[in-house]
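In listed order, ligands and their atoms are each counted from 1.
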Amino acid sequence: MKINKNNAKKRILFLRDEIEKHNELYYVNNKPLISDFEFDILLEELQFLESKYPEYYSENSPTLKIGSDLSSNKVKNEPKEPSRVFVQVAHKHPMLSLSNTYNKEDLYSFNERVAKITESNFSYVCELKIDGSAISLSYENNKLVRAITRGDGTEGDDVTQNVKNIEGIPHEIYNNQGPCNFEIRGEIYMPWSSFDKLNKVKKENEEALFANPRNAAAGSLKLLNAKETAKRGLRAFFYSVVSDQISFKNHMESLLWAKENGFPVPEYSKVCNNLEEVFNFIDHWDIERKNLSFPTDGIVIKLNSMELQQKAGFTSKYPRWATAYKFRAEQAVTTLISVDYQVGRTGAITPVANLYPVLLSGSSIKRASLHNQDQMDLIDVHIGDRVFIEKGGEIIPKIVGVDISKRDKNAIKPHFPEFCPDCGTKLEREVEQAKHYCPNYNGCPMQIKGRFLHFCSRKAMNILIGEATVEQMFNLGYLKHLSDIYNISREELLRMEGWKEKSADRFILSLEKSKSAPFYRVLYALGIRFVGEATAKSLANHFKSIDSIIKATKEELLEVDDIGDSVAESVLSFFSIEANITSIDELKKKGITLEAQEIENSSISASLEGKSIVVSGLFSIPRDELKKIIEQHSGKNVNSLSSKTSYLVAGQKMGPAKLDKAKQLGIKILTEGDFFKLIK
Ligand code: IVH
């Protein structure tokens, strides 16, 4: 599609909305959905369109503003806390961002611009760009009085108490030039070791993990409880001193002053006298950064002379005397040939790109995920486009962006299908769901085959069977209900293509073994949408049998730890399908474990006999597991506090109201440690 005035306007408005949304997800919620690189591509496209169509100028465009971390009153990636508000304080001098590039060629133009402005010899300082959250500290008479986040650049959140709890930040400095007032700016970051530790605890508590140390640092900086911030292992480094009372000849001198006065400054900063030295610094750190104890996302290149910095000045968003070269994940560029639409076992439709093969991190890539229609619209992909691919955490690489400057003017936009590519049923898309689904649950061959493959997979029933066999069995009409797999006889197997006595025996043995798989694995094997292994475990622990889960109401399902609205809805919808109930009845007849086994419930001791116990808050093990232990020691779990409650086992982040009530009622409060001592 050729860009004309009409669709350019549509795209500009769309991009502005999307960029605002991703800015908020990144800066406020600390939960980015796309990588920095994907974000930068969107911003670049918007900049390109705005410069081509200046009639659509808007002073509110995200191309003219820097992202804002100003908090509303919640930080969404943290457990729910009482309402949290940070006082917003204006910056004395605006806190700007840095222009950035992923291409070395752009540094030539930067260098030329600098040369033109300065009209003299100059040197740069190259510094590591640490991936954290920007901060500005104000010192009055050498004492730390305020710490403000960058916010929207004009005003930021006052996080003084939290910052005072970060190791290495001087509360007062000894300045041999006497007391003075100054501002010092830098980055609060989370070293890899603290990040790994934090996510490990989050994983154990079955909480959402932080996507990267930057989000973890930003989230931790804005915790309501400063003592909690202190526990997060945050660190800081400072790269800029602003003061009317102290002046420096060059940037390097200011870093030295900061260092002498006890501030941590960027390690490994280097004066570079020309671009070649800058490139050497970049190349060195692009490799060496993998060995650093903290996260870096690029190199900042700054004019060293303060006088020349002043001469260069600022645009509305950036200093003209500095820029950032950003490291990118290993990428490849290739051409998009076509898009296939795959039907998953839950009926979800995933667009998959067919590409001209290209080498990426040592393997030849021919296919890449486009995730869903929203993602396709977001990057505005067209057939024949030159596309950027990256290997993310998933096995299949993904398309992260499109080079629109190379787009053929006749390029066609792929059309997301209205009907299931496998069975032809009209696709559906639920409100707030990114994916389209084929609703033909009982008849769509791809869904049925996908369900069998999932049922037999290693973490589910662990039945030795592959894709080709499932295809064959399905085509022979052997597979309809999940239990059908247990009806296949040895004779039938031996009649199938490629099957010999040995493989048939191995398959039958794995079928027999699967009958003793624990209940939670069977529950996971059923393939209920959104019920992964961990959720299956929680459901099994809570309800103990398939019959109780089938009977459970939405409210009862929501009582289970880590089960929210969409999982509860999905469980209800699964058991409302007649064919699934028939399947379960048949599985029962085959002797599959559909109840939590005795050992899980059996009594270990009578140490809590006659005791009613309330557990509340977060523990080092999932709450349901703690409740199970109470039962195993003959205690009784109760949900609310009353005068009959014997103990309150209080975990972290427990609501203060519950604690107060327990105190009022004179209930003994146990920490997790006290509890384990008691049952020992
Ligand atoms: S200098 C006028 N130096 O990167 C802005 N920034 O993407 C001067 N950052 O807002 C910033 N390491 O939060 C500078 N060595 C470094 C940095 C650095 C990380 C952050 C900073 C900035 C952002 C821009």
Going through the distances and angles, do Phe182 and Trp257 end up as a ring-ring contact (aromatic ring centres under 6.0 Å, His included)? CA-CA 12 Å; Phe182 63 95; Trp257 178 89; 5.2 Å; yes
Is there a donor in the side chain of Lys231 and an acceptor in the side chain of Ser220, or the other way round, less than 3.5 Å apart? no
The protein residues that pass the under-4.0 Å heavy-atom test against ligand 1 are Leu96, Ser97, Leu98, Glu127, Leu128, Lys129, Ile130, Ala134, Arg150, Glu187, Phe237, Tyr239, Val300, Lys302, Pro319
Using distance only, find each side-chain donor-acceptor pair of residues 288-298 under 3.5 Å and give its atom names and separation, not counting sequence neighbours.
from, atom 1, to, atom 2, distance (Å)
Glu288, OE1, Asn291, ND2, 3.2
Arg289, NE, Asp286, O, 3.2
Arg289, NE, Asp286, OD1, 3.3
Arg289, NH2, Asp286, OD1, 3.2
Lys290, NZ, Asp286, O, 3.3
Asp297, OD2, Lys129, NZ, 3.4

Crowded around Lys197 NZ? As in, over 12 foreign heavy atoms under 6.0 Å? no
Using a cut-off of 6.0 Å, state whether more than 12 heavy atoms not belonging to Tyr57 lie near its atom OH. yes
Return the CZ to CD distance between Phe388 and Gln331, rounded to the nearest 0.5 Å. 6.5 Å
